[in-house]
2 protein chains.
Amino acid sequence: MTDDSSNEQGKRRRRKGLGLTLRDVARLAGVAPITASRALNTPDAVSDEILQRVKDAVERTGYVPNLLAGGLASRRSRLVAAVVPTISGSVFLETVQALTETLAASGYQMMLGQSGYHGSREDALLETIIGRRPDGVILTGIMHSTLARRRLVASGIPVVETWDLTPTPVDMLVGFSHEKVGTEVAQYLYGRGRRHMAAISADDERAIRRNRAFANAAQALGAATLSNAVPTHVVPAPSSVASGREGLRVLRAKDPLIDAIFCSSDMVALGVLTEAQAQGIKVPEQLAIIGLGDLAMSRELHPALTTVRVDGTLIGRTAARYIMQRAEGGTVAEPVCDVGFTIVERATT
Amino acid sequence: MTDDSSNEQGKRRRRKGLGLTLRDVARLAGVAPITASRALNTPDAVSDEILQRVKDAVERTGYVPNLLAGGLASRRSRLVAAVVPTISGSVFLETVQALTETLAASGYQMMLGQSGYHGSREDALLETIIGRRPDGVILTGIMHSTLARRRLVASGIPVVETWDLTPTPVDMLVGFSHEKVGTEVAQYLYGRGRRHMAAISADDERAIRRNRAFANAAQALGAATLSNAVPTHVVPAPSSVASGREGLRVLRAKDPLIDAIFCSSDMVALGVLTEAQAQGIKVPEQLAIIGLGDLAMSRELHPALTTVRVDGTLIGRTAARYIMQRAEGGTVAEPVCDVGFTIVERATT
DNA sequence: GTGAAAGCGCTAACAT
DNA sequence: ATGTTAGCGCTTTCAC
């Protein structure tokens with residue numbers, strides 16, 4: 001039994017917080033606080049009898065450990081921050097979901113931050129994130145400012161960049177090559193007999209890179225327009241169904257011969273499909289459509305949407321694992337993971 | 001100037017964390033730590049000269065306050081937890097987005113937790129949440145177990161339940177009446193001349209309540225089937241396009257006279273619309289469709305989707321404001337907010 | 001296996 | 001307006 005039963009004394013000044021603490025539990029179990037701590041965190045380091053006594057005390061009191069205090073003392077917050085441009089884009093949803101789940105399963109919590117598509121709030125966001133001393137930061141689909149990059153590196157917090165494969169990662173990386181996507185989509189459409197390709201692209205950095213590769217490949221194949229360029233309609237991110245409808249109108253006005261459109265997301269593709277149906281354009285006979293993301297709905301559309309599938313769940317899970325491995329003091333052997341992508345052929349091509 | 005320049009001494013044992021602390025900044029500025037703290041948190045309580053000196057020191061060192069430590073000391077974590085059944089349902093996205101944004105604007109961070117639609121992980125999730133001592137918890141669209149309820153109340157953390165209006169809130173409430181939605185939808189469809197109503201409903205609690213009200217109202221109006229019941233197809237939550245397609249097939253098989261379907265989400269409605277187009281059923285001539293949620297895409301479909309619009313952004317913003325008000329020691333005068341809903345008439349009815 | 005002491009980095013409370 | 005002191009609730013370190 002420890003000596004401090006001095007609770008009613010005027011000694012303790014800030015005891016307003018009714019909070020139950022580890023000390024209370026320890027006292028109840030008749031052990032030192034540190035022993036109670038061990039019983040909860042490293043049960044193996046404690047005798048069976050004491051373990052049981054502490055467990056009982058926890059049960060009886062309904063004690064919930066204060067993870068803020070624990071984090072401060074142990075320098076492990078068990079908090080992981082995820083940053084997405086915006087949650088409503090839905091392309092990253094799968095990743096965010098996998099992230100939360102994987103982390104939660106190991107007792108980590110996820111903080112979610114939205115950076116906006118153009119990095120406006122990025123620096124401020126990063127400051128509050130670093131302030132929490134998270135065990136890791138997962139960056140999804142953003143182009144981080146150099147200031148932000150430096151701060152992040154300086155903070156020493158493990159970082160995983162996702163949804164891309166850059167040659168100069170801040171730290172770890174889980175993604176795929178956007179250039180390769182563009183190239184393979186052009187080749188795929190060419191293989192399906194398309195010779196007048198066009199694109200609708202969001203104005204974010206990755207989509208643009210994807211598109212450049214697409215245009216180059218299409219030109220190289222001789223599948224661009226007569227003037228040997230690939231008509232491209234750029235729309236503001238996050239891309240939407242409205243963008244797709246508008247895009248088809250604009251592109252057809254530019255060049256009525258267009259027989260295939262590569263869309264920067266399935267939402268855009270749905271817009272193109274909708275507009276085509278509204279205008280009586282036959283898909284895929286007159287127009288092939290391919291999207292990106294393979295949303296749950298895409299396979300259910302009529303006609304079902306051909307799309308580039310990226311395993312967002314795998315990205316999320318892998319990123320979470322990388323972070324946790326690092327947080328637990330391990331090193332990640334090969335901290336770069338190319339999850340690749342697949343072109344899922346359905347009825348719109 | 002404070003007295004401790006004792007940094008190199010072997011005295012300080014755990015100085016491995018390279019971490020820059022408030023003390024370092026204070027020393028650089030030539031003030032006491034608490035003064036530096038004031039300069040950062042309550043700049044008005046400090047002279048201009050000192051404010052400047054502290055700011056400079058922060059700038060020079062790149063100091064980022066440790067919010068874990070601050071939270072522990074001040075008993076205000078500036079962390080708010082949001083719990084959603086699953087993020088992929090997309091109905092709550094708007095709310096989550098508004099939440100993150102509103103909170104971030106005031107220096108709060110949002111933790112996101114997924115409870116699953118059937119409360120399986122609810123208790124475990126709640127434990128880790130309470131452990132962080134968040135300044136508030138926002139519950140979205142879940143039916144929380146009684147154990148969870150009790151714990152939450154016991155913890156004394158402000159709670160906002162959203163997307164519903166229950167007669168017995170845990171604490172605060174921002175939502176709308178699902179019963180009223182059901183009733184008004186039936187009345188609306190009746191007004192548009194529909195006499196054979198049916199429904200596709202997710203199997204979550206709210207959708208079921210909505211539907212019961214819908215069925216009752218339809219029956220009362222004499223707009224059910226000949227046997228005076230409203231055919232209802234129940235699908236597992238989260239609802240999807242696939243559910244909608246399947247639902248239409250099932251319902252038509254049950255009763256070919258059905259001329260209107262109330263869907264528990266816009267996604268389901270899109271499924272019904274798609275299936276109708278695939279089968280050559282004319283919308284709205286032969287079949288009226290009404291969804292719920294007013295997703296961004298819904299107005300862009302062809303035909304554009306009639307739907308029940310709920311202002312998810314308003315819900316998120318209001319919930320965030322309630323929490324912050326409480327966290328800042330205030331009281332929320334009327335902690336129940338009915339945001340209502342509107343039926344947005346478009347082309348599918 | 002168990003415990004005492006000494007912080008983690010910050011802020012509330014009480015001076016001055 | 002600024003400083004001193006004493007924690008917040010936990011865990012690390014070192015000793016037994």
Applying side chain to side chain donor-acceptor pair (under 3.5 Å), name anything that partners [X], two or more places apart in sequence or on another chain.
X       : answer
R321(A) : none
R317(A) : none
T95(A)  : W163(A)
T102(B) : none

Nearest-Å distance, [atom1] ([X]) to [atom2] ([N])?
X      : N       : atom1 : atom2 : answer
L40(A) : dG9(D)  : CG    : P     : 16 Å
R23(A) : dC10(D) : CZ    : C1'   : 11 Å
N41(B) : dT2(D)  : CG    : C1'   : 16 Å
L72(B) : dC8(D)  : CG    : C1'   : 4 Å
R75(A) : dT12(D) : CZ    : P     : 10 Å
L22(B) : dC8(C)  : CG    : C1'   : 14 Å

I want to verify a distance call: between [options], whose nearest atom is closest to the [X] side chain?
X      : options                 : answer
A73(A) : dT12(D), dC8(C), dC8(D) : dC8(C)
I34(A) : dC10(D), dG3(C), dG3(D) : dG3(C)
V31(A) : dG3(C), dC10(D), dG3(D) : dG3(C)

Distance-only polar pair, side chains of E94(B) and T313(B), donor-acceptor under 3.5 Å: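 Per modelled atom types, E94(B) and T313(B) side chains form a pair under 3.5 Å.
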Q52(A) versus D48(A), side-chain donor and acceptor atoms under 3.5 Å: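 Per modelled atom types, D48(A) and Q52(A) side chains form no pair under 3.5 Å.
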Check whether any side-chain N or O of [X] sits under 4.0 Å from OP1 or OP2 of [N], and answer yes or no.
X      : N       : result
R76(B) : dT11(C) : no
T35(B) : dG3(D)  : yes
S37(A) : dT11(D) : yes
R38(B) : dG3(D)  : no

Using the test side-chain contact (heavy atoms from CB on, under 4.5 Å), find all partners of E101(B) that sit at least two apart in sequence or belong to another chain.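 Only Q114(A), R121(A), Q97(B) meet the side-chain contact (heavy atoms from CB on, under 4.5 Å) criterion with E101(B).
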Identify, residue by residue, the members of residues 59-71 of chain B with a heavy atom below 4.0 Å from DNA chain C, and return them in order of residue number, or none.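 Those residues are Y63(B), P65(B), N66(B), A69(B), G70(B).
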Residues from residues 42-50 of chain A sitting under 4.0 Å of DNA chain C, heavy atoms only?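 Contacts with DNA chain C under 4.0 Å: A45(A), V46(A), S47(A), I50(A).
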With sequence neighbours excluded, tell me which residues meet salt bridge (Lys or Arg N to Asp or Glu O under 4.0 Å) with E328(A). R76(A)
Going by the rule salt bridge (Lys or Arg N to Asp or Glu O under 4.0 Å), which residues pair with E49(A) if we only count those two or more places apart in sequence or in a different chain?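 E49(A): salt bridge (Lys or Arg N to Asp or Glu O under 4.0 Å) contacts with R53(A).
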